[in-house]
Amino acid sequence: QVHLAESGGGLVQAGASLRLSCIVSGLTGNRYNMGWFRQAPGKEREFVAGINWVGGSTYYTASTKGRSTISKDNAKNTVYLQMNNCEPGDTAVYYCAADGTRRLVDGFPAMTASTVDYWGQGIQVTVSS
């Protein structure tokens, strides 16, 4: 059974940094795009960043571009999201995601929720002001 286990969330102050981790088990990572989504109360789940497991190419949406870095450690089967200069608008539940379609937009792993195959349970990130 596929399991995506997120960790690293919690309460941070505006301007501070945090790193989310997603430990992946039960699937072959190189067959998937991996990424992070987030969902704030009353809002749709939105894509944050994606990474191709084999090539390592990345894609960022505008909301965190320049402040976030997605990376992976193949040996640890782990995907990370480093977020710097956190803003109150970053407050949301963050979900790790795996997409076996390996959807590419202009050659980069721009993910969409409709094609995600597996989701993590989600982890709360709260940014105080």
Side-chain angles (χ1 to χ4, degrees):
Q1 184 175 353
V2 174
H3 186 217
L4 310 180
E6 302 111 329
S7 63
L11 176 65
V12 298
Q13 294 183 348
S17 300
L18 82 163
R19 188 179 73 165
L20 304 178
S21 299
C22 175
I23 300 175
V24 181
S25 61
L27 60 78
T28 302
N30 61 4
R31 299 289 187 180
Y32 289 81
N33 286 337
M34 303 297 301
W36 294 90
F37 291 73
R38 67 185 185 183
Q39 188 166 20
K43 296 184 178 180
E44 298 291 330
R45 188 169 298 186
E46 66 170 338
F47 176 54
V48 177
I51 187 167
N52 179 268
W53 194 263
V54 177
S57 60
T58 58
Y59 186 93
Y60 301 91
T61 53
S63 60
T64 64
K65 187 175 178 64
R67 300 186 296 112
S68 63
T69 301
I70 187 169
S71 61
K72 60 184 177 68
D73 186 331
N74 293 38
K76 296 182 178 180
N77 294 319
T78 302
V79 179
Y80 304 96
L81 183 68
Q82 175 74 35
M83 297 184 62
N84 300 322
N85 194 24
C86 289
E87 304 172 350
D90 296 324
T91 296
V93 176
Y94 284 71
Y95 297 90
C96 185
D99 183 357
T101 68
R102 293 185 290 171
R103 176 177 181 266
L104 299 176
V105 176
D106 294 330
F108 296 93
M111 301 175 69
T112 180
S114 64
T115 58
V116 169
D117 294 303
Y118 305 103
W119 296 97
Q121 290 293 307
I123 187 166
Q124 179 71 45
V125 172
T126 301
V127 182
S128 64
S129 59

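Keep in mind that the numbers below use all heavy atoms, side chains included, and drop hydrogens, waters and symmetry copies. Nothing fancy with the numbering, it's 1 onward along the sequence.
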With side-chain contact (heavy atoms from CB on, under 4.5 Å) as the criterion, how do Asp117 and Asp99 come out once you've worked through the C-alpha distance, each side chain's angles and the decisive distance to 0.1 Å? CA-CA 5 Å; Asp117 294 303; Asp99 183 357; 4.0 Å; yes
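- In terms of the side-chain hydrogen bond (donor to acceptor under 3.5 Å, both in side chains) criterion, Ser21 has no residue partners (sequence neighbours excluded).
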The test is side-chain contact (heavy atoms from CB on, under 4.5 Å); show your working for Asn33 and Tyr59 and say whether it passes. CA-CA 11 Å; Asn33 286 337; Tyr59 186 93; over 6 Å; no
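- Taking CZ of Phe108 as the start and OG1 of Thr58 as the end, the distance is 7.5 Å to the nearest 0.5 Å.
- Cluster partners of Tyr80, using a side-chain heavy-atom cutoff of under 4.5 Å among ILVMFWY residues and allowing indirect links: none.
- Checked against side-chain hydrogen bond (donor to acceptor under 3.5 Å, both in side chains), Ser68 has the following partners two or more places apart in sequence or in another chain: Thr64.
- For Asn77, the side chain to side chain contact (heavy atoms under 4.5 Å, CB included) test picks out Trp53, with sequence neighbours left out.
- Evaluation of the disulfide (SG to SG under 2.5 Å) test over residues 33-88, restricted to residues two or more places apart or in two chains, returns none.
- Remark: the backbone N or O of Lys76 is paired with a side-chain donor or acceptor of Thr78 at under 3.5 angstrom.
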Might you work through the side-chain contact (heavy atoms from CB on, under 4.5 Å) test for Val116 and Met111, ending with a clear yes or no? CA-CA 8 Å; Val116 169; Met111 301 175 69; 4.3 Å; yes
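- The shortest non-hydrogen separation linking Val54 to Asn52 is N-OD1, 3.1 Å.
- One hydrophobic cluster holds both Val79 and Ile123 under the rule that ILVMFWY side chains link at heavy-atom gaps under 4.5 Å.
- In the hydrophobic clustering of this structure, Leu4 does not group with Ile23; members are Ile, Leu, Val, Met, Phe, Trp, Tyr whose side-chain heavy atoms approach within less than 4.5 Å, directly or through other members.
- Across every non-hydrogen atom of Ala98 and Leu27, the tightest pair is CB-CD2, 4.0 Å.
- Looking at residues two or more places apart in sequence or on another chain, you find a side-chain hydrogen bond (donor to acceptor under 3.5 Å, both in side chains) between Ser17 and Asn84.
- Put simply, the side chain of Val105 reaches to within 4.5 Å of the side chain of Arg103, judged on heavy atoms.
- Screening residues 120-129 for side chain to side chain donor-acceptor pair (under 3.5 Å) gives Gln124-Thr126 as the qualifying pairs, with residues at least two apart or on separate chains.
- With sequence neighbours left out, the side-chain hydrogen bond (donor to acceptor under 3.5 Å, both in side chains) criterion links Ser71 to no other residue.
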Go through Ile70 and Met34 one step at a time and tell me if the side-chain contact (heavy atoms from CB on, under 4.5 Å) criterion holds. CA-CA 9 Å; Ile70 187 169; Met34 303 297 301; 5.8 Å; no
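- Put simply, Val12 and Leu20 are part of the same group of oily side chains (I, L, V, M, F, W, Y) that touch within less than 4.5 Å, one to the next.
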Indicate every side-chain donor-acceptor pair of residues 36-51 with a distance under 3.5 Å to a residue at least two apart or in another chain.
| residue | atom | partner | partner atom | Å |
| --- | --- | --- | --- | --- |
| Arg38 | NE | Glu46 | OE2 | 2.7 |
| Arg38 | NH1 | Asp90 | OD1 | 2.9 |
| Arg38 | NH1 | Tyr94 | OH | 2.9 |
| Arg38 | NH2 | Glu46 | OE2 | 3.3 |
| Arg38 | NH2 | Ser63 | OG | 3.4 |
| Gln39 | OE1 | Arg45 | NE | 3.2 |
| Gln39 | OE1 | Arg45 | NH2 | 3.3 |
| Gln39 | NE2 | Lys43 | O | 3.1 |
| Arg45 | NH2 | Tyr95 | OH | 3.4 |

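- For residues 77-88, the set of pairs meeting the salt bridge (charged side-chain N to carboxylate O under 4.0 Å, His left out) definition, not counting sequence neighbours, comprises Arg67-Glu87.
- The disulfide (SG to SG under 2.5 Å) pairs that include a residue from residues 87-129 are Cys22-Cys96, where partners are two or more places apart or lie in different chains.
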